[in-house]
> 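This is the structure I want to talk about, given as structure tokens.
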There are 2 protein chains.
Amino acid sequence: MDTVTRIAQEGTFLSDSHTGVPVASVSVAEVPEGGHSPCACKTVTEILSRVGDKWSMQVVMSLAGGTLRFNELRRAIDGISQRMLTRTLRGLERDGLVERTVTPSVPPRVDYALTALGRSLRQPVAELGQWALQNREMIVTARERFDAEDDS
Amino acid sequence: MDTVTRIAQEGTFLSDSHTGVPVASVSVAEVPEGGHSPCACKTVTEILSRVGDKWSMQVVMSLAGGTLRFNELRRAIDGISQRMLTRTLRGLERDGLVERTVTPSVPPRVDYALTALGRSLRQPVAELGQWALQNREMIVTARERFDAEDDS
DNA sequence: CGGCATCCGAATGGATACTG
DNA sequence: CAGTATCCATTCGGATGCCG
């Protein structure tokens, strides 16, 4: 078993064994060797933080239905400011998740669409979204109980 | 600061000063029903931000293998400070993802373990982790290309 | 051992105004 | 229409010191 697989399955990120997850083979590129690479873990954390930022996934999900223009996106995502939409789109473009197409007309037209990489992200994010929806009641309840104890 | 004030201000997951405990955000529910509720989206976004914060998922995955004590966790997660580990654990405990068990001995012993809810989160998060690992090369490459164009 | 309190720089993100 | 630029409040997160 290579290092990356091990990390994915049970390394730092998935902790030790007995999670019940069978080891599957994953095609891998290179691994720096030296057992468990902190670099991989760092990368994963970094990518997770992009997923977790306030607007990125809302943009991705808004673009899941197809290409949208800047202001279409802005209207589709409630509460986002122009500044944050710009910044978020730049970040997604930089990571290769979104493609930006400029049509130099008057007025200018800029279209945003998911790349193949961006589309591949929809699935895992949607599953996390499912989890969130299915468990939000439990979480809210847990919070209330916790805060109640805290007050006393 | 009292809980009422904290809740009123509606923060993110890990907020409040010092060792403050995460602040509530999900307002009382009520889904207008019909396709796409802004509330649901808000909840999902909020939970994604918990997933995306710097340490929460590393803690969850470290606990995937079983109960750990405070300093065991600290050693398991490279680079985490004591303060952030405490804050992260409080946040996870508040959300009902982690259970904290205190054994009043000398020296004190505190065990942390995933709850059923916390365990149910492992799967979707692990899938996102898989995605991150499998695509990190592409992302890094995309970033380099983007930054290179930017320079010119 | 397992915290909490304090200080502080860095990053996030909203509001507003201006531009090609 | 699709941005930039500026300012500003809030929050994140590390370092350090103290405590039961």
> Provide, to the nearest angstrom, the distance between the CG atom belonging to A:Leu89 and the P atom belonging to D:dT4.
11 Å
> In the structure I gave you, are the side-chain heavy atoms of B:Val102 and B:Asp111 within less than 4.5 Å of one another anywhere?
no
> Which part of the nucleic acid, if any, lies within reach of B:Arg100 when heavy atoms closer than 4.0 Å are counted: base, sugar-phosphate only, or nothing?
sugar-phosphate
> Hey, does A:Arg69 reach any base, or is it just sugar-phosphate, or nothing, if we go heavy atoms under 4.0 Å?
sugar-phosphate
> Measure the CG-CE distance between B:Leu97 and A:Met138 for me, rounded to the nearest 0.5 Å.
9.0 Å
> Just how far, in rounded Å, is C1' of C:dT12 from CG of A:Asp53?
10 Å
> For nucleotides 14-20 of chain C, give me one character per nucleotide, 5' to 3': B if any protein heavy atom sits under 4.0 Å from the base, S if the only such contacts are to the sugar-phosphate, - if neither.
BB-B--B
> Without decimals, in angstroms, what is the distance between B:Ile77 CD1 and D:dG14 P?
12 Å
> Angle between the two end axes of the helix from C:dC1-D:dG20 to C:dG20-D:dC1, five base pairs per end, rounded to 10 degrees?
40°
> If you compare every side-chain N and O of B:Tyr112 against the phosphate oxygens of C:dC1 (OP1, OP2), does one of them come in below 4.0 Å?
no
> Using whole Å, what does the distance between atom P of nucleotide C:dC4 and atom CZ of B:Arg74 come to?
13 Å
> Are A:Glu99 and A:Arg94 within salt-bridge range, i.e. N to O under 4.0 Å?
no
> Can you measure B:Arg87 atom CZ to C:dT6 atom P for me and round it to whole angstrom units?
14 Å
> Please tell me if A:Arg90 has a side-chain N or O lying less than 4.0 Å from either OP1 or OP2 of D:dT4.
yes
> Checking side chain to side chain contact (heavy atoms under 4.5 Å, CB included) against B:Trp55, which of B:Leu92, B:Ile77, B:Leu85 comes through?
B:Ile77
> Expressed in angstrom and rounded to an integer, what is the separation of A:Leu85 atom CG from D:dA2 atom P?
10 Å
> What residues form a side-chain hydrogen bond (donor to acceptor under 3.5 Å, both in side chains) with A:Arg100, not counting sequence neighbours?
A:Tyr112
> Just how far is it from atom CD1 of A:Ile139 to atom CG of B:Leu117, taken to the nearest 0.5 Å?
5.5 Å
> Going from CG on B:Leu73 to CZ on B:Arg75, what distance comes out if it is rounded to the nearest 0.5 angstrom?
10.0 Å
> Salt bridge between B:Asp147 and B:Arg145, side-chain N to carboxylate O under 4.0 Å?
no
> Would you call A:Arg109 and A:Glu72 a salt bridge, using N to O less than 4.0 angstrom?
no
